[in-house]
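Structure record follows, encoded as structure tokens.
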Amino acid sequence: MAPVMRQPKLDELTMLSDLCMRSKAVWGYDDKFMAACREELTLTTDELTTTHVAVAEVSGTVAGVAQVEIDGGEADLLKLFVDPEAMRNGVGRGLFEWASSTARRMGADSLTIEADPGAVPFYRRMGAKDVGVVPSGSIPGRVLPRLCLDLGAAG
């Protein structure tokens with residue numbers, strides 16, 4: 001069943017942040033690493049008005065969340081996390097399609113992704129291309145793959 005996209009509710013922010021943490025943990029990170037990522041993976045009230053956020057539901061159950069920030073012709077995929085129990089069921093694809101279509105509709109020509117190394121194959125399957133690496137926002141000395149999806153070609 002395809003996920004249904006909707007806006008998050010204010011009282012869901014803690015649950016959605018916890019979902020981000022559970023999703024990140026599937027890559028086998030230790031507790032210290034996960035603690036260092038908590039702030040970056042937490043959705044805040046302010047972000048509901050300064051960015052675009054979608055919740056994916058499957059059969060009425062929250063299955064994932066995505067967040068996009070748009071600045072002129074450029075969009076950044078800040079979050080795309082799927083509950084581990086909902087992985088490999090089209091939720092990630094649905095969230096990515098929401099993110100890219102939202103960015104395109106808001107006038108962006110490209111969608112940039114700073115990806116967890118484990119998620120890079122997924123983003124490549126979605127059409128994103130490798131464009132370099134960037135420093136991690138959570139872990140000093142760590143670099144993350146940077147990918148970009150050309151929204152002009154697909155629209």
Side-chain angles (χ1 to χ4, degrees), residues 1-8 12-13 15-29 33-34 37-38 40-44 47-48 50-139 142-155:
M1 171 179 275
V4 174
M5 301 300 158
R6 65 166 175 81
Q7 291 188 323
E12 293 178 317
L13 293 180
M15 178 266 297
L16 292 170
S17 298
D18 290 345
L19 182 153
C20 292
M21 292 290 289
R22 286 194 311 279
S23 181
K24 182 82 167 174
V26 302
W27 304 116
Y29 297 119
F33 182 97
M34 292 302 299
C37 294
R38 181 169 296 282
E40 191 174 10
L41 298 182
T42 298
L43 280 162
T44 67
E47 289 175 313
L48 295 182
T50 60
T51 65
H52 302 269
V53 182
V55 172
E57 284 188 350
V58 176
S59 301
T61 300
V62 172
V65 63
Q67 179 184 24
V68 178
E69 183 174 51
I70 301 165
D71 184 10
E74 297 180 9
D76 289 309
L77 183 64
L78 301 179
K79 291 178 181 62
L80 192 158
F81 291 99
V82 176
D83 190 284
E85 293 183 16
M87 287 183 173
R88 295 182 173 44
N89 288 315
V91 175
R93 175 179 292 277
L95 286 164
F96 191 82
E97 289 171 356
W98 169 85
S100 57
S101 67
T102 297
R104 189 178 295 113
R105 188 175 65 253
M106 299 300 293
D109 298 318
S110 63
L111 178 66
T112 302
I113 306 132
E114 295 176 7
D116 185 284
V120 168
F122 166 78
Y123 292 119
R124 287 178 181 151
R125 285 193 304 275
M126 297 297 103
K129 306 292 184 208
D130 294 78
V131 294
V133 295
V134 294
S136 167
S138 300
I139 311 294
R142 182 175 191 240
V143 296
L144 298 173
R146 183 177 173 107
L147 297 96
C148 187
L149 178 69
D150 180 356
L151 299 173

Are any non-hydrogen side-chain atoms of S136 and V143 less than 4.5 angstrom apart?
no
Taken in chain and number order and not counting sequence neighbours, the residues that satisfy salt bridge (charged side-chain N to carboxylate O under 4.0 Å, His left out) with E69 are none
Check whether any side-chain heavy atom of V65 sits under 4.5 Å from a side-chain heavy atom of C20, and report yes or no.
yes
V68 side chain near L77 side chain, heavy-atom distance below 4.5 Å
yes
Of all residues at least two apart in sequence or in a different chain, which pass the ring pair (Phe, Tyr, Trp, His ring centres under 6.0 Å) check with Y123?
F96
Counting C-beta onward and ignoring hydrogens, is there a side-chain heavy-atom pair between T112 and E74 closer than 4.5 Å?
no
Are any of the side-chain nitrogens in E12 or R6 under 4.0 Å away from the carboxylate oxygens of its partner?
yes
What are the two closest non-hydrogen atoms of W27 and G118, and how far apart are they?
CH2-O, 3.0 Å
Does R38 CZ have over 12 foreign heavy atoms under 6.0 Å away?
no
Please find the pair of heavy atoms, one from I70 and one from A108, that lie closest to each other, and give the distance.
CG2-CB, 4.5 Å
Counting distance only, does the side-chain N/O of R104 pair as donor-acceptor with the main-chain N or O of L151 below 3.5 Å?
yes
Less than 4.5 Å apart, any side-chain heavy atom of P8 and any of L16?
yes
D116 versus Y29: any side-chain heavy-atom pair under 4.5 Å?
yes
Got a donor-acceptor contact below 3.5 angstrom from the S17 side chain to the L13 backbone?
yes
Taking the side chain as everything from C-beta on, heavy atoms only, tell me whether L149 gets closer than 4.5 Å to M126.
no
Apply side-chain contact (heavy atoms from CB on, under 4.5 Å) to residues L80 and I113 and explain how you reach the verdict.
CA-CA 10 Å; L80 192 158; I113 306 132; over 6 Å; no
Indicate the atoms forming the closest heavy-atom contact of A103 with L111, along with that distance.
CB-CD1, 4.5 Å
Residue pairs fulfilling side-chain hydrogen bond (donor to acceptor under 3.5 Å, both in side chains) with at least one residue in residues 81-97, sequence neighbours excluded
R22-D83
At what distance, to the nearest 0.5 angstrom, does CE of M34 lie from CE of M21?
4.0 Å
Please lay out, stage by stage, how E114 and D76 fare under the test side-chain contact (heavy atoms from CB on, under 4.5 Å).
CA-CA 8 Å; E114 295 176 7; D76 289 309; 5.6 Å; no
I need the minimum non-hydrogen distance between P121 and P117, along with the two atoms involved.
CD-O, 3.9 Å
Interatomic distance, CG@L19 vs CG@L43, rounded to 0.5 Å, equals 9.5 Å
Separation between NZ of K129 and CG of D150, rounded to the nearest 0.5 Å:
10.0 Å
In terms of heavy-atom contacts, V26 and P84 come closest through CG1-CG, 3.6 Å
Can you measure from NZ (K24) to CZ (F33) and round to the nearest 0.5 angstrom?
5.0 Å
Give me the atom names and distance for the closest heavy-atom approach of A63 to A86.
CB-CB, 3.7 Å
Value rounded to 0.5 Å, distance of CG in L95 from CE in M5
4.0 Å
Would you say the side chain of K79 lies within less than 4.5 Å of the side chain of E47, judging by non-hydrogen atoms?
yes
